[in-house]
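Heavy atoms only: backbone and side chains are in, while hydrogens, waters and symmetry mates are out.
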Amino acid sequence: MAHEIMSNDSAVFNRVAAWHRLGTVVESDMTPSDALKAAGLDWNVIKTGFVKADHPDIGTVFSEDYSAIVRQDTQEILSVQSSDYQVIQNSEHFEMAYELSRDVKVESALSLKNGRKVVLLLRGDSFDVRGSSGDTVTEYMGLINSHDGSIAFCALPTSVRIVCQNTLSMAIAEAKKGKNMFRITHKGSTMEDKKEAMRDALRQFRSSGQFFRDAVSDLANHELDKASIQKFWMDVWGLIETPIVTNPRTEAEQDNYDNAVKAVSNWSETFDRERDETGSTANMWMAANAVSKFIQHRVAKKGRKASMENRAWDNLAGLNQDSTMKVFRHALALV
């Protein structure tokens, strides 16, 4: 994954620099309006009326079918989009957070790729998992937008387990009901209607945010014996990597089998350690978290270690988050 922290990016964090080596750390609670300024994200983007291109072979050409999205303060072209693309300004992005609560608090705010992606992480309540003495989960809501068309404007409920600092998507709790994160696209003629739909979704989340706690409780209440845990882990490996062939016949099948055995050994060590730390029973919550910690802290296959900033993004909205959701969807399907 290419490095996404660039020279014109900025960030602010509440008390602890969760995404290290970047941005300002503040000791007081921040409102979305405070964070917009403190993070240096109080700039606008402008949509041009046309795109102009010059080439020595064909000269100058114009197109009214496409527009450039330009960051106003740096005058950098962040992307080229079709003419029906509609921008969502950072100020509108951050203002949306107040639909959750008028006194909502910000955990962090930052940009990536010189402002092409903007993330606002809102801090919610914390709770202890049933039957544990040290497994505390803090709820968050990530509001994410892009100015390059790479992602829709979305609201992603997420959480962090303090015991191992791995990030979990709260959207997985709605997997049984066929729901996922809230999102609106940048294209179409009814952007204001889409924004209002997002506001409604955030208001609904505010009034029914118990769903994640219920899902965590379901997983923690589902106790497992050793054989069930091993089967769950082997099945999960097939979901996030390659299905296991129990009697390998090719070198690739043997490599996959060996890697699965190593991974399950790692998960088993994490599982046993966290059970001791939290005083928990052997349950689905602990088994799934052993896998999610592995996903979010592993080194890439090519051996290149990801930066803390890129890993944080990947855990929140990238490939690691996709794999984590697969794990917890499978776990929820079994309880």
Side-chain angles (χ1 to χ4, degrees), residues 1-48 68-81 85-124 140-156 158 160 167 184 186 195 198 202 306-318:
M1 180 178 181
H3 199 293
E4 295 196 334
I5 307 299
M6 297 181 176
S7 58
N8 288 324
D9 286 315
S10 54
V12 66
F13 305 98
N14 178 246
R15 295 183 175 87
V16 179
W19 293 336
H20 301 297
R21 302 188 303 277
L22 175 73
T24 302
V25 177
V26 298
E27 297 299 324
S28 58
D29 287 335
M30 296 179 289
T31 66
S33 297
D34 294 334
L36 182 70
K37 295 179 181 178
L41 299 175
D42 51 345
W43 42 264
N44 289 330
V45 295
I46 295 173
K47 177 184 173 183
T48 66
I69 308 301
V70 182
R71 178 169 165 173
Q72 190 170 17
D73 60 338
T74 63
Q75 298 185 4
E76 180 177 357
I77 296 176
L78 301 182
S79 65
V80 174
Q81 303 292 336
Y85 183 92
Q86 299 189 44
V87 302
I88 297 176
Q89 301 290 359
N90 295 345
S91 57
E92 297 176 299
H93 175 172
F94 281 51
E95 182 69 23
M96 198 78 72
Y98 288 110
E99 299 302 331
L100 286 170
S101 170
R102 294 312 299 177
D103 62 352
V104 66
K105 303 304 179 187
V106 174
E107 182 72 8
S108 58
L110 75 159
S111 66
L112 300 168
K113 298 184 70 176
N114 281 345
R116 287 171 174 81
K117 297 177 183 176
V118 179
V119 179
L120 175 63
L121 190 62
L122 308 170
R123 185 178 69 253
Y140 295 92
M141 172 70 82
L143 294 183
I144 305 169
N145 188 37
S146 73
H147 297 300
D148 63 357
S150 59
I151 54 174
F153 177 63
C154 59
L156 173 65
T158 188
V160 171
T167 305
I184 56 176
H186 288 265
K195 291 178 185 176
M198 174 65 82
L202 293 176
S307 69
M308 292 297 293
E309 295 87 0
N310 285 344
R311 177 169 290 171
W313 167 260
D314 213 19
N315 289 348
L316 178 64

Exercise. So among Val45, Asn44, Thr48, which one has a side-chain contact (heavy atoms from CB on, under 4.5 Å) with Val70?
Worked result: Thr48
Smallest separation among heavy atoms of [X] and [Y], with atom names:
X	Y	value
Tyr140	Glu107	CE2-CG, 3.6 Å
Met96	Phe153	CE-CE2, 3.9 Å
Val118	His93	O-CE1, 3.3 Å
Ile77	Ala68	CG2-CB, 4.2 Å
Ile151	Ser146	O-OG, 2.7 Å
Asn14	Arg123	OD1-NH1, 3.1 Å

Exercise. Glu76 and Arg116: salt bridge (charged side-chain N to carboxylate O under 4.0 Å, His left out), yes or no, with the steps?
Worked result: CA-CA 10 Å; Glu76 180 177 357; Arg116 287 171 174 81; 3.1 Å; yes
Problem set entry | Asp148 vs Ile69, side-chain contact (heavy atoms from CB on, under 4.5 Å): CA-CA, chis, key distance, verdict | CA-CA 8 Å; Asp148 63 357; Ile69 308 301; over 6 Å; no
For this session: Examine distances only and state if a side-chain atom of Asp9 and a backbone atom of Lys113 form a donor-acceptor pair shorter than 3.5 Å.
Result: yes
Exercise. Does Asn114 reach the main-chain N or O of Asn8 with its side chain, forming a donor-acceptor pair under 3.5 Å?
Worked result: yes
Exercise. Relative to the ring of His186, is the ring of Tyr85 parallel (under 30°), tilted (30 to 60°) or perpendicular (over 60°)?
Worked result: parallel
For this session: Tell me, with the steps shown, if Gln81 and Val87 meet side-chain contact (heavy atoms from CB on, under 4.5 Å).
Result: CA-CA 10 Å; Gln81 303 292 336; Val87 302; over 6 Å; no
Exercise. Quick one: side-chain contact (heavy atoms from CB on, under 4.5 Å) partners of Gln75, sequence neighbours excluded?
Worked result: none
Problem set entry | Qualifying residues under side-chain contact (heavy atoms from CB on, under 4.5 Å), relative to Ala39, sequence neighbours excluded | Val12, Leu41, Ala109
For this session: List the steps and the verdict of side-chain contact (heavy atoms from CB on, under 4.5 Å) for Leu36 and Asn90.
Result: CA-CA 8 Å; Leu36 182 70; Asn90 295 345; 3.9 Å; yes
Exercise. What ring pair (Phe, Tyr, Trp, His ring centres under 6.0 Å) pairs are there with at least one residue in residues 26-48, not counting sequence neighbours?
Worked result: Trp43-His147
For this session: Go through the side-chain N and O atoms of Ser91 and Gln89 and say whether any donor and acceptor fall under 3.5 Å apart.
Result: no
Exercise. For the atom pair OG (Ser28) and CG (Asp34), what is the distance rounded to the nearest 0.5 Å?
Worked result: 7.5 Å
For this session: Measure the CG-OG distance between Leu120 and Ser108 for me, rounded to the nearest 0.5 Å.
Result: 7.5 Å
Exercise. Where do Asp42 and Phe94 land on the side-chain contact (heavy atoms from CB on, under 4.5 Å) test, with the steps shown first?
Worked result: CA-CA 10 Å; Asp42 51 345; Phe94 281 51; over 6 Å; no
Problem set entry | NZ/Lys37: more than 12 non-hydrogen atoms of other groups inside 6.0 Å | no
Problem set entry | Worked check of salt bridge (charged side-chain N to carboxylate O under 4.0 Å, His left out) between Asp73 and Arg71 | CA-CA 6 Å; Asp73 60 338; Arg71 178 169 165 173; 2.7 Å; yes
Problem set entry | Leu143 side chain near Leu202 side chain, heavy-atom distance below 4.5 Å | yes
For this session: Flag the pair Asn145 / Glu92 as yes when at least one side-chain heavy-atom distance between them is below 4.5 Å, and no otherwise.
Result: no
